[in-house]
Amino acid sequence: MNNHAIQVKGLQKSYKQLQVLKGVDFAVEKGSIFALLGSNGAGKTTVVKILTTLLKQDSGTAIISGHDVGSKPDHVRQAISLTGQFAAVDEILTGRENIIMIAKLRYLPNPRQVAEDLLKRFGLTEAADRKVSTYSGGMRRRLDISLSLVGKPQIIFLDEPTTGLDPEARIEVWKIVKDLANSGTTVFLTTQYLEEAEQLADRIAILHEGKIIASGTLSELKRLFPSAKVEYVEKQPSLEEIFLNIIGKKEGA
Ligand SMILES: Nc1ncnc2c1ncn2[C@@H]1O[C@H](COP(=O)(O)OP(=O)(O)OP(=O)(O)O)[C@@H](O)[C@H]1O
Ligand SMILES: [Mg+2]
């Protein structure tokens with residue numbers, strides 16, 4: 001066994017004539033937080049769908065927790081959970097009922113206790129018995145992430161976990177993600193928010209025009225760009241500057 005939770009090699013995927021992934025390679029260490037960065041339409045969700053067995057690649061391999069997504073999808077599903085880009089909670093049910101439903105689907109021994117614990121952990125105890133249709137966006141997102149923790153998966157996939165959240169709710173989600181990684185869970189997230197990757201990720205990969213065009217720790221990415229000297233004050237490039245530079249856009253363009 002090696003120390004990788006996820007290993008991806010030469011991943012290719014087209015939708016009809018549109019080639020979205022043109023040979024994507026990366027690896028994610030167990031217990032780390034990995035951020036896949038890319039603009040709208042870069043193919044982030046496509047990567048997530050392939051890694052979570054929802055979509056088949058045209059070629060290349062993806063190994064999740066030692067299992068090949070193509071030949072051992074059931075094993076992969078046992079090891080992972082996915083919080084998709086769009087909230088998957090059931091509006092008509094209460095928060096508590098949503099969690100209990102998933103716990104039952106996963107055949108867990110004590111669904112009520114599982115719900116109680118997760119509601120507490122995510123600060124949803126008070127709202128637990130209200131229909132989700134009355135929840136704010138931030139509460140919905142927290143519930144959504146709590147659902148993906150039912151059954152304690154080894155690897156969790158979060159596709160744009162904080163898109164549409166206000167800064168406060170975003171910071172709450174960041175804390176949840178950090179806690180998860182600290183407790184040994186591997187986190188794979190996609191984001192368009194460079195600050196999010198900067199705050200959370202142990203390693204960052206930039207997906208652009210079908211390939212990973214840069215990857216590494218934040219400091220490795222920063223080293224790709226010499227810091228500019230501004231009147232004796234050394235200015236570190238922000239991840240945003242690095243990102244725009246790598247994908248070849250001028251700021252403000
Ligand atoms: N089922 C599909 N059929 C045809 N084209 C698709 C399909 N799914 C995605 N695409 C196209 O593939 C490209 C990549 O889409 P994808 O959803 O993976 O991007 P993304 O990086 O997740 O974007 P966003 O940041 O907007 O969520 C886009 O051009 C999209 O229109
Ligand atoms: Mg997407």
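Each ligand, and each atom within it, is numbered from 1 in the order the structure gives.
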Check: Val28 main-chain N/O paired with Arg203 side-chain donor or acceptor under 3.5 Å: no
Listed partners of Asp58 passing side-chain contact (heavy atoms from CB on, under 4.5 Å), at least two apart: Lys13, Ser14
Residue part near ligand 1, for Thr46, under 4.0 Å between non-hydrogen atoms: both
Residues which pass salt bridge (Lys or Arg N to Asp or Glu O under 4.0 Å) with Arg96, listed by chain and number, not counting sequence neighbours: Glu116, Asp129
Rounded distance [0.5 Å steps], CG in Leu21 versus CG in Leu207: 6.5 Å
Nearest-neighbour protein heavy atom for atom 3 (N) of ligand 1, which is reported as residue plus atom name and distance: Tyr15 CD2, 3.6 Å
Polar proximity ligand 1 side, Ala42 side, N/O cut 3.5 Å exclusive: yes
The Mg ion (ligand 2) - number of protein N/O/S atoms closer than 2.8 Å: 2
Mutual orientation of the aromatic rings belonging to Phe188 and Phe34 [parallel < 30°, tilted 30-60°, perpendicular > 60°]: parallel
Lys/Arg-Asp/Glu bridge criterion (N-O < 4.0 Å) met for Arg130, Glu97: no
Side chain, backbone, both or neither: the part of Val47 lying under 4.0 Å from ligand 1 by heavy atom: neither
Asp202 side chain to Ile33 backbone, donor-acceptor under 3.5 Å: yes
N/O donor-acceptor pair under 3.5 Å between Asn98 side chain and Val89 backbone: no
Enumerated ligand 1 atoms positioned under 4.0 Å from heavy atoms of Asn40: 23 (O), 24 (P), 25 (O), 26 (O)
Atoms of ligand 1 close to Gly43 [distance to a heavy atom under 4.0 angstrom, numbered from 1]: 14 (C), 16 (P), 18 (O), 19 (O), 20 (P), 21 (O)
Subset of ligand 1 atoms that lie under 4.0 Å from at least one heavy atom of Leu18: 11 (C), 12 (O), 29 (O)
Residues that Lys104 engages under salt bridge (Lys or Arg N to Asp or Glu O under 4.0 Å), provided they are two or more places apart: none
cation_pi(Arg170, Tyr193) dist<6.0 Å, angle<=45: yes
Gln192 and ligand 1 - part of the residue with a heavy-atom distance under 4.0 Å: side chain
Sub-4.0 Å protein heavy atom near atom 31 (O) of ligand 1: no
Glu160 near ligand 1 by a heavy-atom separation under 4.0 Å: yes
Note: Lys22-Glu209 ion pair, threshold 4.0 Å (strictly below): no
